[in-house]
Every structure is written in C-alpha cells, then in structure tokens.
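Notes follow the structure.
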There are 2 protein chains.
Amino acid sequence: MSVLPKSVENVINEFSKLPGVGPKSAARMTYHFLRSPNKDATRLGEALMDMDSKTKFCNSCFNVTDKDICDICSSPSRDHSTICIVEEPLDVVAFENSAVFNGLYFVLGGVISPAEGVTASELRFDELGKRVISTINESVKKIELIVATNPSLEGEATASYIQDMFSKYIKEGKIHVSRLAMGLPTGADLEYADRLTLKKALEGRRDI
Amino acid sequence: MSVLPKSVENVINEFSKLPGVGPKSAARMTYHFLRSPNKDATRLGEALMDMDSKTKFCNSCFNVTDKDICDICSSPSRDHSTICIVEEPLDVVAFENSAVFNGLYFVLGGVISPAEGVTASELRFDELGKRVISTINESVKKIELIVATNPSLEGEATASYIQDMFSKYIKEGKIHVSRLAMGLPTGADLEYADRLTLKKALEGRRDI
C-alpha cells in the first residue's frame, strides 16, 4: 500500500527530473503546494502549459522567445555587426541584465564536450555559419564574433572550433573573433584564486 | 524591454515561491524545460493541476489523500489504539517508508511557534481532541498518543501542550502520552554530537 495518492506521486516524480532537485526536495516542493490554500499548484501548472505552448526559439539567434524573430534581433537600435556567442538562453539574460552589451546574440545550445557525449553536430554551428555569412553578404561588411562560452576546457575548445570554422573569412578580414577576458573577478581575494585564474590574469595583464 | 517572454517569466515567478528555491534556481528549472524536447513542462503542469483537483485531507487524520478517509485510517489491520501525532504529511511518509509503526496517525499541521507567529489556534488541536475522545467513548478503552513532533524547542512545547490538553484523561488512565526518544542517531560520531543531544542521550540511558 502506498502512502501517497497517485496524483501526488506524479508531481514528486516530475519535480525530481529537474536539475539539482533530488527526491527529498521534490517531495518538499510538492507538499508545499498541498499546504498552500491558494491553488498555487494550479497556477504553476497553468503557467507551465502556457509556456510550453507559447515559447519557441528565435529563428535568428535561437534565444527563447514568443515571436519568430526575437526583440533583440529585430531591434534597429542594436549593433548588428557584433554577435555574442553564448551557450544557453540564461547567458543572454545575464548579459541583458547587466546592460553591458548592445550587439546581438547567438545561442549555441551548449559546448563541445566529449566527456558528456556532446559533439559539434549537436550544437548550432551550421546555423551560426549560415547566419554569419549571410550577414556579411547582405548588410554588414565586417563582423565581430565575441565567444562568450564559459571559461572551462569545453568552453575553450568550442571557441577554438568557432575560430577554425571562420578561418577563411578571418584571413580576409571580414570576421574578427574575440573571447571574453579571463582573470580575477571583481571582489575576489587573490589569496584564494585558483592557479589557472592567476595564470590567465597574469597572461592578460594590461598597462595602467 | 524584458529579455524573457512573459510566459517564461510567469513560470520563473511561480517556481520562486517554492521553499528553498531562489530566483536563480527558479530560472534554471524553467530553462531546463525550455531545453527539454519532450513537453516535460506540460507533463508537470498537468500533474500539478491533477493533484490540486484530486487531493484532500483525510477527515480523520488530516494526512493527504484522495479519499474521505485515508487507507491507513480505514485499515482494519492497523492498531487503532495508538495514534502517532506528527507535524506534516511528509512525516507520515517517513514513518511508513521505514515500516516501524503499525498504528494510526494525526497530522497537526505544524508546531506552536511564537517566533513564527504560529499559535495553537492555527493547528488542529480541536480536531485532535474530538478524534481522541470519540475514539475512547466509542471503541478503544485506552489510547496511546505518541507525540512525534521534531526534537526542537517548538516540538517540545507542542508535546507539552498535548500533554496538558488531555490531563484529565491521563489521570483517569484512559490516555497515555509518550514522546519519541531523543539521543544519538545510528551511525553518529559521539565526538561531534552537540551538547543537548548528549544530555538527552544520557538522561534517556537504558540498562543493557
């Protein structure tokens, strides 16, 4: 005899599939809804189904949007000659929230990671190639690609892959590929910085 | 201009209301669904709405169930003269999963906690009183109440409150109130046990 009604077990089961949520947290979340008198579960349920039916990927940058071409890609006030290549839609949110970038984005969908079985063919390199080359042919003569993958081995490998992809255009001066700076984050304590961060900070040192 | 479609923001917003989920984790959970191609969001959404419409509290023990009287309360094979009083439905799950108890339960809905503004009137003491007294009058002559609130100050205060509630019946020998043992948990390292646990373990020592 199971203690829990089937409908409750279903919810725990679905919550457990979320990243970083174990069976215990999933049960705690589920019971939170059972305690709350305001039909919160129904509200989350409706929001989820609404999201599933309305959202899609932007045809140009593959960020999450509810339009064919997202607001960023279709904005005339943004710099269409600079494309920031990120791993995930959340990275776009991080850039936009900090309001430090006025170009466009391209969401790769991950990084090349042999350890996790992610090969180049599973990422949006074809779409990136088409978009960049059509941009050069149509409107912008020179384009800068800022590779903003995470500062990990996989992120570096992916950056190199992109550099190789466009080597012909880079030689012709039509594409310039750059990489986000690596070094000490603001507020960091040098004493606790890891070896690689210190190495990168030293290599990338600038005149004052 | 918001980066995220409204439907996505709604989901992040609803997830943030869950206990232990901050805005960052809420966003990560939401994006997990946007990445997953299997309509997982719809499945969780449907499960939540199904749960909200089907579950209710057992009229006798106030555990979560999909019946008027839950399977435990209506089972003839369980000991109806022992009632384990717990804070939350999850505590029932913990007992049932460990299969160490064959009596009935009563879910209080929390503990008395002046610090968090939870007074006795917000818990199910009235319902507990009615249930216990009707059990004595109807069928069982002597009933044991095992107070299984958490071993915290609030849990102890709640246990005392229950003891006081039934003082008349306790004197008459109709109700016996006990409390879960406190002491060292299995596998604990005595070296790291806190002062209060050691004190309780010493007070509750047993002959071997």
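Lettering follows sequence order; numbering is per chain, from 1. Bear in mind the structure is a predicted one, so any value in this text is a computation, not a measurement.
- B/L18 is listed as a side-chain neighbour of A/F15, based on a closest heavy-atom distance under 4.5 Å.
- When A/G20, A/A41, A/A27 are compared by the number of non-hydrogen pairs under 4.5 Å with chain B, A/A41 comes out ahead.
- Ranked by non-hydrogen atom pairs under 4.5 Å with chain B, the options A/T65, A/V64, A/N97, A/V93 are led by A/V64.
- The number of heavy-atom neighbours closer than 6.0 Å to CG of B/L153, taken from other residues, nucleotides and ligands shown, is 12 or below.
- When all heavy atoms of B/D40 and A/E14 are compared, the pair lying nearest together is O-OE1, 4.2 Å.
- Interatomic distance, OG1 of A/T42 versus CE of B/M51, reported as 8.5 Å (0.5 Å rounding).
- The two residues A/S7 and B/T55 make their nearest non-hydrogen contact at OG-CG2, 3.5 Å.
- The candidate from B/N10, B/N63, B/D66 with the greatest count of non-hydrogen atom pairs under 4.5 Å with chain A is B/D66.
- For the atom pair B/M29 CE and A/L48 CG, the distance stands at 11.0 Å (nearest 0.5 Å).
- Neither the backbone nor the side chain of A/N13 comes within less than 4.5 Å of any heavy atom of chain B.
- No more than 12 heavy atoms of other residues, nucleotides or ligands sit less than 6.0 Å from atom CD of A/E116.
- For the atom pair NE2 (A/H32) and CG (B/L90), the distance works out to 13.0 Å, reported to the nearest 0.5 Å.
- Ranked by heavy-atom pairs shorter than 4.5 Å toward chain A, the options B/G109, B/G45, B/G110, B/S25 are led by B/G45.
- In this structure, B/L4 and A/E96 have side chains that are not in contact, with every pair of non-hydrogen atoms separated by 4.5 Å or more.
- In this structure, chain B has heavy atoms under 4.5 Å from both the backbone and the side chain of A/E46.
- Taking the side chain as every heavy atom from C-beta outward, B/K17 and A/L44 never approach each other to under 4.5 Å.
- Using a 4.5 Å heavy-atom cutoff, the side chains of B/E88 and A/Y31 are not in contact.
- Both the backbone and the side chain of A/T30 have a heavy atom closer than 4.5 Å to some heavy atom of chain B.
- Residue-environment remark: NZ (B/K142) exceeds the threshold of 12 foreign heavy atoms within 6.0 Å.
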